[in-house]
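What follows is a single structure, written as structure tokens, with notes after it.
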Amino acid sequence: MSQSTNTLQQDALSAEESLHLLEEMVLIRQFEQTAYLRYLQGEIPGTLHQSQGQEAVAVGVCSLLRTEDWITSTHRPHGHALAKGLDPAAGMAEIYGRETGCLGGRGGSMHLGDPALGILPSIAIVGGGITIAPGLAHALKYKETDNVVVCFFGDGAVNEGAFHEGVNYAAAFNLPVIFVCENNMYGASTPFHETTRNINVASRGAAYGIPSEQADGMDIRAVREATERALLTARSGKGPVLLEFLTYRYVGHSRGDARGYRTKDEEAIWTAKDPIKTFGAAIVDEGIASEDQVKEATKRAKKRIAEALKHAQQAPWPDPVAALAPNIIFGNPPQKVEGAGPLEEGPDEDRYITIADSIRETLHSELGTDQSLVLLGEDIGVPGGFGGAFGVYQGLAEDYGRHRVIDTPISEKAIIGAAVGAAIGGLRTVPDLQYADFVFEAMDELVNEAAKQRYMSNGKLTIPMVLRCPVGATQRGAQHAQHPESFFMHVPGIKVLCISDPYTAKGALTAAIRDDDPVMVFEHKLLYGAKKRQEAGSINTRAYVPEENFVLPVGQARVRRRGKDATIVATFTELYKALELAEKLSAEGIELEVIDPVWLSPFDWGTVMESVRRTGRLVIAHEAHLTGGWGAEVSARVSDELFADLKAPVRRVASRDIPMPFSPPLEAAVLPLAEHLETAVRDILSPDHTRSDKE
Amino acid sequence: MEAIIMPALGQTSEEAHILEWLVKEGDEVEMGQPLLNVETDKAELEVECVADGVLLKIVCEAETTVNAGTVIAYIGEPGESVPTE
């Protein structure tokens, strides 16, 4: 860390540049003041987080950036967005919630942005941008540009886990990120010094081996000097820099904050350092500009905001129907599909392969055809290493290089944040987790960023990311056994794929990789068939798979076996139990229809409904826990839509609502067993609620 | 011309009591300038002017209590006529 050396560069700043900087700062102040007063007048919905007093940081930093550089911002983004070039009219209309807002009213005050200007819709989760910024920077570097990402956050964010993971990740890969901490001394009302023993944020750079600097955030020239040095480092391939600017917000954290936690004396000290007044006075004192020129610049900024206000007040409200537009939610909106039939036999015996082989072939081939595709994860490319969890990635790094098969730190938030950021930046990313249980480390990146950024951006961004997650109980206890797929079925904006056979693995995974939306792929450890990782209870799922990659429709279910008496919808291990049971009951003259939904989102309702309408009976089987599992959703919808067709209640077979124990007999007591499925099927085959006499 | 409404400033109550007006009808006012002092259940506060112009009319005088959202004054260009109740 080095303190800001006061090498005076103001001589280099012309009158024109100085007045421009002043005008931009006044623009932000006036925007904020106008919004505040109009908010009090009841014209603006929701809430506002404002940045009066912090203008020198926003303008000082952003005045040195190119349009092609990106910024990420926070719940307090107005100043950053305006300084990076957002039209004040589009910004004001957005916080008014109007159709002409920069995001069509989908974002609002806390998410201002415009990807065309390098402004990511701002992230209102404290620290949330710190794991996304390295990914954006990865894309800029991968494309061999010298553009950078500036990641703004407040002092509160440095005590988030995201700060540690994101800064370390950027440092480990020498990524061009400038981390800018606006230290305004308070996280909402809590003094920063009460929340940490080390209040010197810049000193934390040393922990990650990166240059850092603390500077006066009330002095735009000091901000620019520090930023210039940081840009020199970041643009020349030397990696990230941490900047801390000491600043102060003159207003409350948000509306209705009367600032009772600060003293008048403290506020007076900082008011005397007003970045606009001090800079305006300085350029007059130093003879750089005249008082009249300063007044003119101020007047120009105020006029621009007056026009912006008028625009926002008169702009139309968005059409409510626009909220539902499928092409805003998804880059590739779900299409109507027809369910696939049973797996077919192939001509070539060599082409009966395992799921692990099928996934490896798929990735190998896609890496060959799409230069923008990268894989990220722990232990996936290290020479002599694991070749990814369950050996799926064996050999890929040797063929495509470790810059495309990237070994990451064990930092799930950073891995997935980077994958999301790089996808936004124009790459296609396939991150993986060694076990699906680790996904909970990165719920923010998935649920708040991957699932939301396209919608918040009003459809301007795509996030082509495929996250691979191995699921299933394999005698490893409660933290290496879970089935989180149902969680993500609940999240609009994410697609959920469950792979249970090698043929579908290739077709659906190829489709997922080529899809423009985030897809979570769940794969069962007992179905992989990987040579080196035979597990107790493994199921042989070998099936015919063509050598060339092919695409199956996103959202397509597969009817694995046709039948007329009852329908079973099942995934993974339960799918194979269902197929076995169907074989057994066939001998008794009972024909079961077995459907693998393949995709939980978008879900192939057409195929399932058509089947249940015919059979009138449904059992849903999954290894995920019973309560709140995806089967509950299927049961609810089928019961609703097919009430008149059902001849028996819908039954579910699932793991008990108990954490998965380690010991094999205990594990078996929690898992759904074949006999449970058989009992459920026999149960629903007996009653017929729709007729008085038996068929 | 623009109607100035009483902002929602209270914690638990919509009511605000006008203590005094800091400007009089006909005065020039500018955005951010304190127009009046009010008392709510939370505190004594200033209400700031939302735009530049002239204070055309005070609708709610000092020593009255009004609900948030009530029009308390009009500002605009000199000579503009104010709507009559």
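Quick note on labels: first sequence line is chain A, next is B, and so on, each numbered from 1. Just so we're clear, the structure is a prediction, and the values are computed from it rather than from any experiment.
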Looking at [X], I'd like to know if its [atom1] atom is crowded, meaning that more than 12 non-hydrogen atoms belonging to other residues, nucleotides or ligands lie closer than 6.0 Å.
X: B/E61; atom1: CD; result: yes
X: A/E16; atom1: CD; result: no
X: A/M218; atom1: CE; result: yes
X: B/E28; atom1: CD; result: no
X: A/E291; atom1: CD; result: no

(request) Might you point out which heavy atoms bring B/M31 and A/L37 nearest each other, and give the distance in Å? (result) CG-CD1, 3.7 Å
(request) Counting only heavy atoms closer than 4.5 Å, note whether A/Y36 contacts chain B via side chain, backbone, both or neither. (result) side chain
(request) Go through A/Q30, A/R38, A/Q33 and name the one with the most non-hydrogen pairs under 4.5 angstrom from chain B. (result) A/R38
(request) With a 4.5 angstrom heavy-atom cut-off, could you sort out which part of B/A43 is near chain A: side chain, backbone, both or neither? (result) neither
(message) I need the B/I4 CD1 to A/L40 CG distance, nearest 0.5 Å.
(response) 11.5 Å
